[in-house]
Asks: 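Once you've had a glance at the structure underneath, I'll fire off some questions.
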2 protein chains.
Amino acid sequence: MKKSLKNNSKVPATSGQSSAATAILDVAERLAQTRGYNGFSYADIAAELDVTKASLHYHFPSKEALGRALVERYRTAFAGALDAIDRSAGEPAAMLRGYVDLYRSVMANDRMCLCGMLAAEFSTLPASMQAELIRFFDMNERWLAGVLENGRRSGAFSYRESAGDRARVIIGALEGAMLVARSYRDADRFSAAAAHVLEELAAAR
Amino acid sequence: MKKSLKNNSKVPATSGQSSAATAILDVAERLAQTRGYNGFSYADIAAELDVTKASLHYHFPSKEALGRALVERYRTAFAGALDAIDRSAGEPAAMLRGYVDLYRSVMANDRMCLCGMLAAEFSTLPASMQAELIRFFDMNERWLAGVLENGRRSGAFSYRESAGDRARVIIGALEGAMLVARSYRDADRFSAAAAHVLEELAAAR
DNA sequence: GTCTATAGGTGGATAGAC
DNA sequence: GTCTATCCACCTATAGAC
């Protein structure tokens, strides 16, 4: 039985997207995180939503448009999560734990970080997606470097290199731990690496 | 002008493979490392070698067979490189530098580690390739854990977790640093992370 | 071993009816 | 907004001549 993707809800869709577009992005996001951008097709999404491919093309005319929307939304949602950490947690150590938990929840959901996945496929992606990807990593690095600076000032963290360099090390370590852990279907592998990242920064040792 | 893939050389091909198969694997390996297993086709290889797709199927009947051969050869070559380190370098610190340099040379070649790339695509791979991939990571972990144990015994390294856990952390950090650095086309990003891995283990601090 | 030719399937994408 | 129908390019793979 066909389910309509039309936005029938009384409330406006979350962020300028119709509920149909949101439903499509939700499925596409999961597929992209588990199979990669080159690993899913319009047919896969259509089958899951029980609509036709043509209907998907109405909302996202090309796969590039879909892919761009995917990364944009992911980056925006991630930025929102970082803002939430900024507002809630006080201590740099708590903020860093919050950051690591963002990754942990992705892994717990049996997914790879969308942008880590796309980084692997980078050279095959449309330029517009490549640009979005860079924005994502730059944003992460900037935010993390800020937390690291504060932590060092307050004496909570201790590290030798620049905050920016250390931020890059942490991002790479988390993405890589996730990448490998997924081949073992073992979230604990990721958590062990995440714990290491946190402990390594602790000033008292 | 067509170049024949037939093995015309007087010397036997490197390891049970015909020189034709070797040439195919060389091209396929580079494509897999830069675009992913789902990001290249028989047509890509055929165009580069100036032969037909049918000719490739003679040497590797299916893409799965090609993919399996790819990971097998990569794992064997990597094992050989680890053996070479075992024989040449004495100090655990030197051995670890040698290990990191294996990754660095992949990155310097504008490639991603084949198995890191395939780890991203893991859920879309044939079972035979998934199994090979696990063997690769297990081998790395085992070898690295041995070096870490020796280094701790000799006083060269200092770390808190088990050697196996720390080995996993290091592998993940190197794979992830490579993954992200490739989006920036910046080998220095990788080298900075690699240097961090080495310094973090140094006992004198 | 390599070719031509082709099969059968799937990819992204569009026209036009409803 | 969603459908049916269709296009064309590309995919992996095979048959059979040379």
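Throughout, a chain's letter reflects where its sequence line sits, starting with A, and its residues are numbered from 1.
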Asks: Could you check whether any side-chain N or O of A:Glu121 sits under 3.5 Å from a backbone N or O of A:Asn38, counting only pairs where one atom can act as donor and the other as acceptor?
Replies: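 Checked: pair present.
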Asks: Tell me: CG of B:Leu49 to C1' of C:dG1, nearest whole Å?
Replies: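 B:Leu49 atom CG is separated from C:dG1 atom C1' by 14 Å.
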Asks: Got a salt bridge between A:Arg68 and A:Glu132, using NZ or NE/NH1/NH2 to carboxylate O under 4.0 Å?
Replies: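 Between A:Glu132 and A:Arg68 there is no salt bridge, as every charged N stays at least 4.0 Å from the carboxylate O atoms.
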Asks: In B/S/- notation, 5' to 3', how is nucleotides 12-18 of chain C contacted by protein heavy atoms closer than 4.0 Å?
Replies: BBBB---
Asks: Are A:Arg135 and A:Asp138 ion-paired here, with the side-chain N under 4.0 Å from a carboxylate O?
Replies: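 Between A:Asp138 and A:Arg135 there is no salt bridge, as every charged N stays at least 4.0 Å from the carboxylate O atoms.
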Asks: So, applying side-chain contact (heavy atoms from CB on, under 4.5 Å) with B:Arg166, which one of B:Glu149, B:Arg160, B:Glu200 is it?
Replies: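 Of the listed options, the one satisfying the test is B:Glu200.
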Asks: Counting only N and O atoms by type, is there a donor-acceptor contact under 3.5 Å from the side chain of B:Glu29 to the main-chain atoms of B:Leu70?
Replies: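 No: the side chain of B:Glu29 does not pair with the backbone of B:Leu70.
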Asks: Return the value, rounded to whole Å, for the distance between atom CG of A:Asn38 and atom P of D:dC10.
Replies: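 So the CG-P distance, A:Asn38 to D:dC10, works out to 15 Å.
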Asks: A:Leu56 has an atom CG; how far is it from atom C1' of D:dT2, in whole Å?
Replies: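 Nearest whole value for this atom pair: 10 Å.
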Asks: Checking contacts here: which listed nucleotide (D:dG1, C:dT4, D:dC3) is nearest the side-chain heavy atoms of B:Thr52?
Replies: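 Of D:dG1, C:dT4, D:dC3, C:dT4 is nearest to the side chain of B:Thr52.
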Asks: Does the side chain of A:Asn140 pick up a donor-acceptor pair with the side chain of A:Tyr99 at under 3.5 Å?
Replies: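 Side-chain D/A pair, A:Asn140 to A:Tyr99: present.
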Asks: Phosphate oxygens OP1/OP2 of C:dT2: is one of them under 4.0 Å from a side-chain N or O of B:Tyr58?
Replies: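 Checking C:dT2 against B:Tyr58, no side-chain N or O comes under 4.0 Å of OP1 or OP2.
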Asks: Whole angstrom is fine here: how far is it from CD1 in B:Ile45 over to P in D:dA13?
Replies: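 From B:Ile45 CD1 to D:dA13 P: 11 Å.
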